[in-house]
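Owing to the predicted nature of the structure, the values given are computational and were not obtained by experimental measurement. Each residue takes its place number in the sequence, starting with 1. Values below: every heavy atom of this structure, side chains too, minus hydrogens, waters and symmetry copies.
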Amino acid sequence: MYHIFTDDLHLKPYKFHLWHKLEDKDYEKRLNFAHWFLKQPESTHEYIICSDEAYFYLTLPLNNQNNRQWSKSNPYIGIEKPLYDQKILVWCAISANRVFGPYYFEDTVNQHNYLEMLKNYFWPKVLKTAEYKKYYFQQDGARPHTAKTVQTWLKDQFEEKFIDKDMWPPRSPDLNPCDFFLWGHLKSMAYNPLPKTLDDLKANIEREIKKISKNILKSNFLNFQKRCELIISAEGGHIEIK
């Protein structure tokens, strides 16, 4: 059957993509954001900071679709994974010029420790950034992000350049460079060499972030602009980048 598909019908196997399920109201919000962004000055993609959190587990992630052991016979190789694997929660923000972070949350993120991180870790770094008043700031709709105290503080700092909870479309990781680039890149690189402790994992993450060049960052934010154009073409629906 495989040869019929490939040799006779000239078909290729493609994997299914796993997307967030969009609600009816999400389409309009995604369209509104894409139209808004594309109406901004051409240089806007150079002055937007996107942020997010992600868990990193101590054990090497196993992808059943991509990880393979080439052998003449089945070697029955497996990877042991603890029932309760150690993990760290990593926050980063990314712009066309730099990566802010990583910042590690030792406890579950809530509005209080999130705001403390913004005030004491993130904002001082922003103030040291050239032309910091030109920067926009984005975060997703996670509860600690949308708390009134957090939203108010960010509006006070970034003023009209804060992309607030009403402006940023929910369930849209395809618009956030942290999701469509940074986390995947770090998780593919941070396990070489394999970390034995969470401190080892942190060191690997920090090493790989330092290796990300400005050219790569700029390319991802040019890609951000392209994604907005594709969302308009898809009438607010899911997009696929080739």
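- With values rounded to the nearest 0.5 angstrom, S51 atom OG is found 9.5 Å from I163 atom CD1.
- Hydrophobic clustering of Ile, Leu, Val, Met, Phe, Trp and Tyr side chains at less than 4.5 Å, counting indirect connections, unites Y104 with L58.
- Aromatic ring orientation, H185 versus F181: parallel (interplanar angle below 30°, classes split at 30° and 60°).
- Among D140, D24, D26, D179, the single residue meeting the salt bridge (Lys or Arg N to Asp or Glu O under 4.0 Å) criterion with R171 is D26.
- Looking only at side-chain heavy atoms (C-beta outward), R98 and K125 come within less than 4.5 Å of each other.
- Both Y57 and Y103 are part of a single hydrophobic cluster, where members link through side-chain heavy atoms under 4.5 Å apart.
- A cation-pi geometry, defined here as NZ or CZ lying under 6.0 Å from the six-membered ring centre and within 45° of its normal, does not hold between K155 and F162.
- To the nearest 0.5 Å, atoms CD1 (I239) and NZ (K226) are separated by 9.0 Å.
- Judged by distance alone, the side chain of D52 and the main-chain N or O of C92 form no donor-acceptor pair under 3.5 Å.
- By the neighbour-count criterion of 12 heavy atoms within 6.0 Å, atom CD of E235 is sparsely surrounded, having that number or fewer from other residues, nucleotides or ligands.
- Residues that satisfy the side-chain contact (heavy atoms from CB on, under 4.5 Å) test with A203, not counting sequence neighbours, are absent from this structure.
- H145 and Q138 are not linked by any side-chain donor-acceptor pair at a separation below 3.5 angstrom, with hydrogens and angles left out of the test.
- Checked by atom type and distance alone, the side chain of T197 pairs as donor or acceptor with a backbone atom of D200 at under 3.5 Å.
- To the nearest 0.5 Å, atom CG of residue N113 and atom CG of residue N120 are 11.5 Å apart.
- Side-chain atoms of R30 come within 3.5 Å of backbone atoms of G237 as a donor-acceptor pair (strictly under, hydrogens ignored).
- For the pair N204 (side chain) and P193 (backbone), a donor-acceptor distance under 3.5 Å is present.
- Using modelled atom types and a 3.5 Å distance limit, the side chains of Y47 and E131 yield a donor-acceptor pair.
- For the residue pair I48 and F224, the shortest heavy atom distance occurs at CD1-CZ, 4.2 Å.
- Other residues, nucleotides and ligands contribute only 12 or fewer heavy atoms inside 6.0 Å of the CZ atom of R143.
- When all heavy atoms are compared, the tightest approach of Y191 to P195 is CD2-CD, 3.8 Å.
- By the 6.0 Å and 45° rule, K161 does not stack over the aromatic ring of Y135.
- Put simply, the side chain of S172 never gets that close to the backbone of W168: no donor and acceptor are under 3.5 Å apart.
- Side-chain polar atoms of Q139 and Y114 form a donor-acceptor pair below 3.5 angstrom.
- Taking a 6.0 Å sphere around CD of E28, one finds it holds 12 or fewer heavy atoms contributed by other residues, nucleotides or ligands.
- Note that K29 lies outside the cation-pi zone of F33, set by a 6.0 Å cut-off to the ring centre and a 45° limit from the axis.
- Separating the CG atom in D166 from the CG atom in N32 is a distance of 11.5 Å, to the nearest 0.5 Å.
- If you check the side chains of T146 and Q151, you find no donor sitting under 3.5 Å from an acceptor.
- No salt bridge links K119 with E116; every basic N to acidic carboxylate O contact stays at or beyond 4.0 Å.
- At a threshold of 4.0 Å, the pair K87-E106 does not count as salt-bridged, since none of the basic side-chain nitrogens sits closer than that to a carboxylate oxygen.
- Residues W123 and I49 fall within the same hydrophobic cluster, defined by Ile, Leu, Val, Met, Phe, Trp and Tyr side chains chained together at heavy-atom separations under 4.5 Å.
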